[in-house]
Amino acid sequence: MHESDGAAGPPLVLQTVYDAAFATYPVPMKIATWNVNSLKVRLQHLLTWLEANPVDVLCIQETKLTDDKFPLAEINAAGYHVVFAGQKTYNGVAILSKHPIEDVLIGNPHFEDEQQRLIAATIAGMRIICAYVVNGQEIGSDKFAYKMAWLEGLHTWVTEEMRRHPALAVLGDYNIAPEARDVHEPSEWENHIHFTAPERAALAALMELGLQDAFRLFEQPDKQYSWWDYRNLAFRRNRGLRIDHILLTEALAKRCTACHIDRDTRKWEQPSDHAPVVATLAD
DNA sequence: ATGGCACCACGATGGTGA
């Protein structure tokens with residue numbers, strides 16, 4: 001089990017006075033999200049990425065593993081604590097952390113759900129929520145109704161969590177592109193899943209609780225996406241969507257100094273169709 | 001408009017994803 005960063009890790013920078021909760025953690029801290037699309041297939045990708053990108057916290061989605069099959073030993077050996085909630089074939093979420101993980105909650109107390117799509121924990125004085133939002137298939141379908149109900153349940157629960165935890169981040173695969181600039185060809189996607197008006201309204205409502213999109217806190221290059229279809233050379237043509245997000249409360253947004261999408265992972269052999277999103281938090 | 005591609009549970013193809 002990993003206990004500390006040790007001599008080989010980055011030097012600990014001790015904070016002065018005002019924020020005791022962060023006093024024992026290195027700053028800046030990095031938090032990230034990545035839909036791995038099967039942890040069984042992508043375990044080596046994950047370990048390779050973590051070695052090159054030793055983030056403090058990583059939320060992963062679509063592990064597609066029951067808990068008895070979770071690669072706990074390999075992740076611990078990489079220097080990470082981890083908590084997870086999985087199921088057979090579909091869904092499944094986990095939070096990896098270099099720092100101790102406390103107050104773990106699986107699922108949404110306000111929305112009964114057979115699918116493992118939510119896990120939350122307190123790490124380094126922050127409330128971290130890892131979310132795998134429902135895909136929704138197509139507007140009008142049962143799955144679309146489930147997506148909208150699920151998002152409403154998320155809204156209710158996040159409202160409550162924000163009252164308890166001023167320093168809170170919701171990281172994950174939202175399966176929603178917030179704006180036209182987050183879609184490679186908006187005219188193709190209008191009224192299609194991930195870019196319908198009700199989905200975008202639900203995401204906007206969540207943000208109106210006081211959550212900010214870390215990526216849009218900064219000037220970014222054009223045409224930045226976090227997902228590309230496996231088909232039709234979509235990645236090579238950069239035909240993608242930005243649907244993976246890190247949302248921050250004001251307390252964390254004001255500490256956020258950078259946010260980027262690591263699209264290089266999509267060039268690897270047998271890649272996930274999603275790329276990691278990373279945010280940096282200063283003291 | 002459809003299918004393309006990938007993963008999973010199968011033990012052939014179908015469900016699901018985005």
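Quick caveat, the model's predicted, so the values are computed rather than measured. Convention: sequence-line order gives letters A, B, ...; per-chain numbering from 1.
A/Y132 comes within contact range of the sugar-phosphate backbone alone, with a heavy-atom separation under 4.0 Å but no base atom that close. Residue contacts for A/N35: at a heavy-atom cut-off of 4.0 Å it reaches the sugar-phosphate backbone alone, with no base atom in range. In this structure, A/R42 reaches the sugar-phosphate backbone alone: every heavy-atom distance under 4.0 Å involves primed, P, OP1 or OP2 atoms, never a base. Within 4.0 Å (heavy atoms only), A/H274 reaches sugar-phosphate atoms of the nucleic acid but no base atom.
Distance, A/K64 NZ to B/dA6 C1': 8 Å, rounded to whole Å. Per the geometry, CD belonging to A/Q87 stands 13 Å off P belonging to B/dC8, to the nearest Å. One atom, CH2 of A/W34, and another, P of B/dA18, lie 15 Å apart when rounded to the nearest Å. Residue A/W227 contributes atom CH2, which lies 9 Å from atom C1' of B/dG17 at whole-angstrom precision. Remark: P of B/dA18 and CD of A/E188 are 19 Å apart, rounded to the nearest angstrom. When the P atom of B/dT16 is taken as reference, atom CD1 of A/I193 falls 14 Å away, rounded to whole Å. Atom OH of A/Y174 and atom P of B/dG17 are 19 Å apart (whole Å). Straight-line distance from the OH atom of A/Y146 to the P atom of B/dG17: 9 Å, rounded to whole Å.
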Please tabulate the protein-to-nucleotide N/O contacts below 3.5 Å involving nucleotides 12-15 of chain B, giving atom names and distances.
none

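When the side-chain nitrogen and oxygen atoms of A/Q270 are compared with OP1 and OP2 of B/dC5, none of them lie within a distance under 4.0 Å.
One P atom belongs to B/dA12, the other to B/dA1, and the distance between them is 35 Å to the nearest Å. Rounded to whole Å, the P atom of B/dA18 lies 14 Å from the corresponding atom of B/dC8. Separation of the P atoms belonging to B/dC10 and B/dT16 is 15 Å when rounded to the nearest angstrom. The same atom, C1', is picked in B/dA9 and in B/dG3; the two are 23 Å apart, to the nearest Å. When the P atom is compared between B/dG11 and B/dG15, the two are found 14 Å apart, to the nearest whole Å.
Just one residue in the list A/I31, A/L96, A/D56, A/V57 forms a side-chain contact (heavy atoms from CB on, under 4.5 Å) with A/I123, and that residue is A/V57.
Note: A/W34 and A/W268 have perpendicular aromatic rings, judged against thresholds of 30 and 60 degrees for the angle between ring planes. Classification of the A/W189-A/W227 ring pair by plane angle, with boundaries at 30° and 60°, yields perpendicular. Below 30°, between 30° and 60°, or above 60°: for A/F70 and A/F84 the angle between ring planes is below 30°, a parallel geometry.
DNA chain B is contacted by both A/Q137 and A/H192; A/H192 maps to the nucleotide lying nearer its 5′ end (nearest heavy atom per residue).
Comparing atom distances between the A/Y230 side chain and each of B/dC8, B/dA18, B/dC5 picks out B/dC5 as nearest. Side-chain proximity of A/N135 to the nucleotides B/dG4, B/dC7, B/dG17 is greatest for B/dG17. With B/dG4, B/dC7, B/dG17 as the candidates, the nucleotide lying closest to the side chain of A/N37 is B/dC7. Listed nucleotides: B/dA18, B/dG4, B/dC8. Nearest to the side chain of A/N232: B/dG4.
Between A/D182 and A/K223 there is no salt bridge, since no side-chain N of the basic residue sits under 4.0 Å from a carboxylate O of the acidic one. Classification of A/R163 and A/E160 as a salt-bridged pair fails, no side-chain N sitting under 4.0 Å from a carboxylate O.
At distances below 3.5 Å, at least one donor-acceptor pair connects side-chain atoms of A/T249 with backbone N or O atoms of A/P166.
In this structure, A/L168 is a member of the same hydrophobic cluster as A/L118, with clusters built from ILVMFWY side-chain heavy atoms closer than 4.5 Å.
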